[in-house]
Every structure is written in structure tokens, then in C-alpha cells.
Amino acid sequence: MLLDYDRMGWLRVALLGFTALVAGFLLLPVVFIVLLSFGSSRWLAFPPPGWTLKWYQELFADPAWLNAALTSARIATMTAILAVAIGLLASFALVRGRFAGREILRGLLLTPMVLPVVVFAIAIYAFFLRLGLGGTTIGFVIAHTVLALPFAIIPIATALEGFDKSIEDAAIVCGASPLEARLRITLPSIRIGIFSAAIFSFLASWDEVVVAIFMASPSLQTLPVKIWGSLRSDLSPVIAAASSLLVGLTLALMVMTALLHRKFRT
Amino acid sequence: MTHPFLSIRNLRKAFGAIVAVHDVTLDIPRGEFLTFLGPSGSGKSTTLYAIAGFQDPTSGDVLLEGKSLLAVPSHKRNIGMVFQRYTLFPHLTVAENVAFPLRVRRRPDADVKKKVADMLALVRLESFAGRLPGALSGGQQQRVALARALAYDPPILLMDEPLSALDKKLREEIQGEIRRIHRQTGVTILYVTHDQEEALHLSDRIALFKDGRIEQTGTGEDLYLRPATDFVAGFIGNSNFLAAEHLGTTNGTTTIRMTDGSVISGVRANGTFGKGQKTRLMIRPEAFSMERSPASAELNVEIVDIAFYGERRRIVARIAAGQEVDIRPTSAMQSQDVWPCSRQVFFDPAAAFLFPA
Ligand SMILES: Nc1ncnc2c1ncn2[C@@H]1O[C@H](COP(=O)(O)OP(=O)(O)OP(=O)(O)O)[C@@H](O)[C@H]1O
Ligand SMILES: [Mg+2]
């Protein structure tokens, strides 16, 4: 192959350098924020004149922050459960089903991934206002589930495609009803896809800000909304601390997924 | 009237415009080892799947002891099946795999334990009970699949090319195991393969499939020694087909003329032929002999090549018309016996079959 990595010679060095540059450019802001959250300067001076944990103390002392974090976690968890449940049913239909309009259904279910979020946010805001769902947890969860569905469907459908249907058939000749075969054999066999779907849809809700801003009410704020709101009122290092926690949990979940995948491969 | 144990009646299965199985009728007595043999796409698997309940036939019926199975869903048919692909449940250990059919039948724990141990002993994999399928070789996986399929003592065991993914040596080893298990359990086996050696080695009877129909059903010997059609003759064993003209049949004696003008009497005719009809004479390579005997007919050939195959020699010869003939004489012979290049070879006309051209 023309672009075989092993045969590129000096180009390899250039490619490595370029990749590192891009990665650095993308990650540097995150690193800055984490550093600033431990810095002693109230005005976010860089480099920080000293190191401290007081912004974290302030963060945990403030019930508004804690509330926002708990709200985020609650909504993300419910979103993950709902998205995985719907994603499972949808994946079976998309992978196993033979019906007219299957490709259209696939397209529709995956649209939220490519649709500009703000368009979706305005549409669902107007719609939910009419239904009286604006500013409610249910409304939040429904909106986030729609956004998270592609991230649930893709890993589950991929795992299901890789699962040999003959194994399910074998369970059925063994005497298991089709439902029992799916619950006892197929689901455990594609559990890696289900775990990934759960984590990805949790994250899709956990760090979602645009729809959340539209859905939020003063009494119902997720962590990203709270960060956004605080940014506009006063720029305090507490925000950096909150952001760092947000990033931290995201990172932890991603690492967990990677480790799971590695474990399953062997 | 007593019913045949398993009976397939005028089975037909069409997928849209494609007819996978045209018309299959077959009775299988209890305890028989019957093999579906045939080329790829001839409808063997589809027939098997109709028995398992994975395919609803377009028409026809499948009866077990006189009762139709068609209305019974797959999981209630109580049939054992081993698939071509590896179908062990990947997240369960070998023992749990074998226990699965017993667990879904809600058998008591003690029974399950004992049966699993018996089954693993049957396939000689006792020491692998705790392993996951991923840590087994292909042959071991298929043996576990066999144990799982037999754990609930099904009256019928279906196997769809279970050994096709294995190498030759392993395949022969497991063929031996399957024969032994058939003897020990007395289960009725329907076995699908497109490997004629496997079919001959394993089965009591063979049903030879072609284009969604059964061409001939019989023992391996029947198919080999008394092929009903030229397709059977060509599919089972090796065969030479030589062009010939039918001169006439009187008092059951069929006389033909070969392309070089020689006339041969007493060949076996499948069906009736008109005078002067173009036909093909089938002669097995091992039906040839290098020495003349009282009843033998002769064929003028030119020896092209001789290869030594250990137990026998294989000779490639050419007849006047230019066609090559495969000759594997069973009689002992010295290599100088077959020279010179141009000579006669002999065969018993009663072991040669006449088919329409
Ligand atoms: N689900 C299906 N849809 C359409 N055509 C099918 C389907 N299943 C089988 N066929 C067709 O039916 C015919 C018979 O298939 P079948 O699998 O029974 O053959 P087989 O004898 O088992 O062949 P092989 O030795 O390759 O397994 C083939 O032409 C195949 O393409
Ligand atoms: Mg097949």
C-alpha cells in the first residue's frame, strides 16, 4: 500500500510530529484548566503563583455545585438506562429485521449525531414547552436520550452483527424459547457492546450543554449548565475545579471502556 | 399400519424465485445413520433446517412417528443439532454449555451434574469441564457441541457438516468418535456432508442430493456398485465415461460399439435405449485389469503415464479418440507388464454401466 506506515521512511517522523501537535493543540486547554484549578491565584494567573486545594474545598462546600453534579449524574444515569433499552430493541430490528424502510429507520435513529445540536435544542425546547415538559427531569432525560441513542445503537448493533446467529439457533434447538435464548445467550454474548453503549450514552448526557441550557430551570441545573452560568457571572477558579472533575469522570469512564475492550479481546 | 420413525413427505422449500428443495421424500428408521450427500447448493442444509424447524417448508410435511412436526416450534421439537459453525455459548464454560439444555428443561441439579459428567466422558473431554469455548481447539469445540446436543437424549440428532472446518486428520479422528457414539447411544442421526469419503465411512445409508431432489438413496455399496444415474456414478468414487453407440439389447444382453469400432456385449444398462442411440459407458478405474480373463472385454489404449501410489499404481492411458482414461488395476503387476506404450487393457462388461449421453 502507498501509505503503509512501515514504509514511509522519514515521512514517519513528520507524521508523528504532526499528530503530536494536533493532539497537543486539542488537549492543551484541558491541561491548562486542570492546572489552574490547583493554582492559588483568584484571577486565574498563569503560571500560578502557588498551589492550593481551596477551590475544591469551596466547590464541595457550595450546595449549588453539589446539586448540579448530582442532577447531572441522575439525568445521565437515567439517559443511559433508557438509551440502552431502546438501543437494544432498535439494534435487533436494524441488524436482524428484514422489513421495508429499515435503512430509513437506521438513518432517522442516527440523525441526532449529525444534526446541529442547537437546531435540535430549539426544536425540542419549543415542543416540550407546549407539552409542559420544559424544565422537568423527564423532559431532560427524553431530550438527552434522543441525543444519546446513536451512541447506544452503534456499539450494540456492531456487537450484534459480530454475533453469529447460529449460536442463538443452537440455544433454541437446545430447548430455550426464542426470548429465553436472547436473554440467556445473546445478551451476555454482546455485553461488551451493551457496556460501551451505557458508558457512551451516559457521557453524551453528562457533558451535554446546549440542549441542557434550553431545558434547564433555576431549580434544575446540570453541571455543564452551572459552569456556563457561573462563567458569565464571575470567573472564579472554582469553575476550573468543577470542569476538572467533569473531565476527570469522563476520562475515567473512557479508560474503563478501553480496559473492558482489551479484557474481552483476550 | 406402523409409521416410519421419521418421514419426510414431498418436502418443498422456495425462497422467492429460488427453489432450494424441489421434492424430497424419505423414510428414516429409528437408529439409522443417514447422510445427506451432494454438491454445494443442492438443498441438504435446507432439508435439515426444515426438520429442525428453522425453515418452514413451502409445502410437504415432516412426520415423527406419524405425527407432523410442522406446527411444533423448534425449541419444543426435542431434536439435537450440531452446526457447521462453532456454536458453543462463548460466555459459558464447557460444563455449563452441556448443562444448558438440561437447565432450560428445569432438571434437578443432581441430574444435571451427573448427565454433564456422562456426556463429557462420552466425548472424552472430562478434564475440560471448566474451560471457556475460546480456549478449545475447533475439534474439541465440536465434540462439546455434540455432547450438548446429546445431553437431553434427543431421539434425532442433526449434523450439518460439523467437521468441515477441521483438517483431515482431526476429521478422521472425530468421524471415529461419531461412529462410536452412534453405536453407544443408538440415536438416529441425519448427517450432512459434501465429502463422499466421509459419507461412505460414516453412514448406514446415503441420500444423494442434486438440485433440490434426491437422486438415489441406498447404502454406500448400492451407490457405488449400482448407481441409478450417471450423476451418482460420477459423484461417488472415480469413474471414466466413454462415448459408445447402443447397437441393441436382446434377452437382457446389451451390445454397444466403442468409438474405435470395437463391439462389446453384456454391459449393464440403466434404462432402455434405442437402436443407434448415443450413450456413455461408465467404467471404474479399479475395474480395469492388465490381464485378459475369460469374461473380459478389451480396450485399446496407449499408456501415457504411470504413477506409483504405494498400494496400487495409477495409469493414465489414452484411447484412439484422444480421451484420457484413469486406470487403477487391483491385480499385482510388475512395471514392465504395462509397457509397451500401445496395448490392451481389460474389464468385465458386467461392471460397466451404460447411461444416456
Ligand atoms: N435464506 C435463503 N434465501 C435464499 N436462498 C437460499 C436461502 N437458503 C438457501 N438458499 C438457496 O437454496 C439453495 C440450497 O441451499 P442449501 O443451503 O440447502 O444447500 P446445501 O446443499 O446445504 O449446500 P452446501 O453444501 O453449500 O451447504 C442454494 O441455492 C441457496 O443459495
Ligand atoms: Mg449446507
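Within every chain, numbering begins at 1; the chains are lettered A, B, ... in the order of the sequence lines, protein sequences first and strands thereafter.
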Does a sphere of radius 6.0 Å around CZ in A/Phe18 hold more than 12 heavy atoms from other residues, nucleotides or ligands, not counting ones at 6.0 Å or beyond? no

So what's closer than 4.5 Å to chain A heavy atoms on B/Arg105: side chain, backbone, both or neither? side chain

Specify which of B/Arg103, B/Met81, B/Arg85 makes the most heavy-atom pairs with chain A at under 4.5 Å. B/Arg85

So does A/Phe99 have more than 12 non-hydrogen atoms from other groups sitting under 6.0 Å from CZ? yes

Which portion of B/Leu158 sits near chain A, non-hydrogen atoms under 4.5 angstrom: neither

With a 4.5 Å limit on heavy-atom distance, are the side chains of A/Asp164 and B/Tyr86 in contact? no

Interchain contact, A/Ala181 with chain B, by part (heavy-atom threshold 4.5 Å): neither

What I'd like to find out is whether the side chain of A/Ile185 reaches to under 4.5 Å of the side chain of B/His91, using heavy atoms alone. yes

Supply the atom-to-atom distance A/Cys174 SG to B/Ile79 CD1, rounded to the nearest 0.5 angstrom. 12.5 Å

Interatomic spacing from CG in B/Leu92 to OG in A/Ser189 - rounded to 0.5 Å: 7.5 Å

Is the number of heavy atoms from other residues, nucleotides or ligands under 6.0 Å of B/Asp167 CG greater than 12? yes

CG (A/Leu108) with more than 12 external heavy atoms under 6.0 Å: yes

Counting only heavy atoms from other residues, nucleotides and ligands, does the tally under 6.0 Å from CD1 of A/Ile104 exceed 12? no

Answer with side chain, backbone, both or neither: which region of A/Asp169 has an atom nearer than 4.5 Å to a non-hydrogen atom of chain B? both

Is there a side-chain contact between A/Glu180 and B/His75, using heavy atoms and a 4.5 Å cut-off? no

Is chain B contacted by the side chain of A/Arg191, its backbone, both, or neither, given a heavy-atom distance below 4.5 Å? side chain

